[in-house]
Amino acid sequence: MARAKASINLLPREDFERTILGRIMKWALTSFRFIVIAVEFVVIAGFMLRFWLDVQISDLDDEINQKAALVSSRSSFEQEFRSTQDKLAVHKQLTDKANQPSVYFEEVSRNLPSDTQLISFAKSADSLEIIGATLNEASITGFVKNLETNPRFTSVNLSSISTRDDSPLVEFVLKISTINTI
């Protein structure tokens, strides 16, 4: 005896579709099908977009590497150019008339006693600072008097005088105001 094929339908069609629960089930089954299809399209579009973005990132990386190679190939020229600029700035500073202490240095060295030596000579806009050392205080006094009689200097001030235990020299600091006619 052959068995008859039985079909099981859990959702009866006739009376169930007319009930509220039946209508909700029918709407849910058809609507969610469209929602699932729309979500699948979004996922597929995102997947395809990833490939396009990967190509864009790869192109940008290649462009960055090319530009980095160009910059690094020009770095030696850049260093040489900056070095030349620094040298020109130093040359300009050294040859600038306002920074030329030669006339004042000549005046100071002309009045310098023979037993006195200059340690430092600094010139600002309208003053000089001289640091020197000598064997006795009388040389400092003579040096200051000679500088005071010079018409290029308006005032000469002995700002400090000191000695050290390990040296026979007397160190002094002079601050001199100058006339800016040079």
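This is a predicted model, so every value here is computed, not measured. In this chain, numbering begins with 1 at the start of the sequence shown.
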Check: Hey, any chance Leu135 and Val144 share a hydrophobic cluster, counting ILVMFWY side chains that come within less than 4.5 Å of each other, even indirectly?
Finding: no
Item checked: Polar side-chain atom of Ser109 near backbone of Phe105 as donor-acceptor pair, under 3.5 Å -> yes
Margin query: Whether the side chain of Thr116 engages the backbone of Leu112 through a donor-acceptor N/O pair (distance < 3.5 Å, no angle test) should be reported.
Written below: no
Check: Asn150 versus Asn111: any side-chain heavy-atom pair under 4.5 Å?
Finding: yes
Margin query: Between Thr134 and Gln117, does the side-chain contact (heavy atoms from CB on, under 4.5 Å) criterion hold? Intermediate values first, please.
Written below: CA-CA 6 Å; Thr134 187; Gln117 62 184 1; over 6 Å; no
Check: Can you check whether Thr149 reaches Lys145 side chain to side chain, under 4.5 Å on heavy atoms?
Finding: no
Item checked: Sequence-distant partners of Asn146, side-chain hydrogen bond (donor to acceptor under 3.5 Å, both in side chains), two or more places apart -> none
Item checked: Test item: side-chain donor near acceptor, Ser124 and Ser127, under 3.5 Å -> yes
Next item on the list: Name all residues meeting the side-chain hydrogen bond (donor to acceptor under 3.5 Å, both in side chains) criterion together with Ser139; count only those two or more places apart in sequence or in a different chain, and write none if there are none.
Entry: Asp115, Asn136
Checklist line | N/O donor-acceptor pair under 3.5 Å between Ser159 side chain and Lys175 backbone | finding: no
Next item on the list: Drop me the distance from Glu137's CD to Ile161's CD1, to the nearest 0.5 angstrom.
Entry: 5.5 Å
Next item on the list: Please confirm whether the backbone N or O of Trp27 pairs with a side-chain atom of Thr30, one donor and one acceptor, at under 3.5 Å?
Entry: yes
Note to self: Just verifying a value: how many Å separate Leu53 CG and Leu49 CG, rounded to the nearest 0.5 Å?
What the structure shows: 4.0 Å
Check: Does a side-chain N-to-carboxylate-O contact under 4.0 Å join Glu171 and Arg164?
Finding: yes
Item checked: Close side-chain approach of Leu118 and Val108, heavy atoms under 4.5 Å -> yes
For residues 56-66, run the donor-acceptor check on the side chains, cut-off 3.5 Å, and write out each pair with its distance to 0.1 Å, sequence neighbours left out.
from	atom 1	to	atom 2	distance (Å)
Glu63	OE2	Lys67	NZ	3.4
Asn65	ND2	Asp61	O	3.3

Next item on the list: State whether the number of non-hydrogen atoms from other residues, nucleotides or ligands found under 6.0 Å of Glu80 atom CD is greater than 12.
Entry: no
Next item on the list: Please confirm whether the backbone N or O of Leu70 pairs with a side-chain atom of Ser73, one donor and one acceptor, at under 3.5 Å?
Entry: yes
Margin query: What I'd like to find out is whether the side chain of Asp86 reaches to under 4.5 Å of the side chain of Val90, using heavy atoms alone.
Written below: no
Notebook entry, point to check: Should we say atom CG of Asp165 is surrounded by more than 12 heavy atoms from elsewhere, each under 6.0 Å from it?
Noted result: no
Notebook entry, point to check: From Glu78 CD over to Ser83 OG, what is the distance, rounded to the nearest 0.5 angstrom?
Noted result: 11.5 Å
Checklist line | Closest non-hydrogen atom pair, Glu107 against Leu147 | finding: O-CD2, 4.5 Å
Notebook entry, point to check: Between Ser72 and Ala69, what is the shortest heavy-atom contact and its length?
Noted result: OG-O, 3.0 Å
Checklist line | Contacts of type side-chain contact (heavy atoms from CB on, under 4.5 Å), residue Ser155, not counting sequence neighbours | finding: Asn157, Ser177
Margin query: With clusters defined by side-chain heavy atoms of hydrophobic residues (ILVMFWY) lying less than 4.5 Å apart, directly or transitively, does Ile176 cluster with Val173?
Written below: no
Margin query: Hydrophobic clusters here meaning ILVMFWY residues chained together by side-chain heavy-atom distances under 4.5 Å, can you tell me if Ile130 and Val170 are in one?
Written below: yes
Margin query: Same cluster or not: Leu169 versus Ile119, using hydrophobic residues (I, L, V, M, F, W, Y) connected whenever any side-chain heavy atoms lie under 4.5 Å apart?
Written below: no
Check: According to the ring pair (Phe, Tyr, Trp, His ring centres under 6.0 Å) rule, which pairs have a member within residues 36-63, sequence neighbours left out?
Finding: Phe47-Phe51
Item checked: Residue pairs, two or more places apart or on separate chains, that pass ring pair (Phe, Tyr, Trp, His ring centres under 6.0 Å) and touch residues 138-175 -> none
Checklist line | Inter-residue atom distance Gln79.CD - Thr84.OG1, 0.5 Å rounding | finding: 11.5 Å
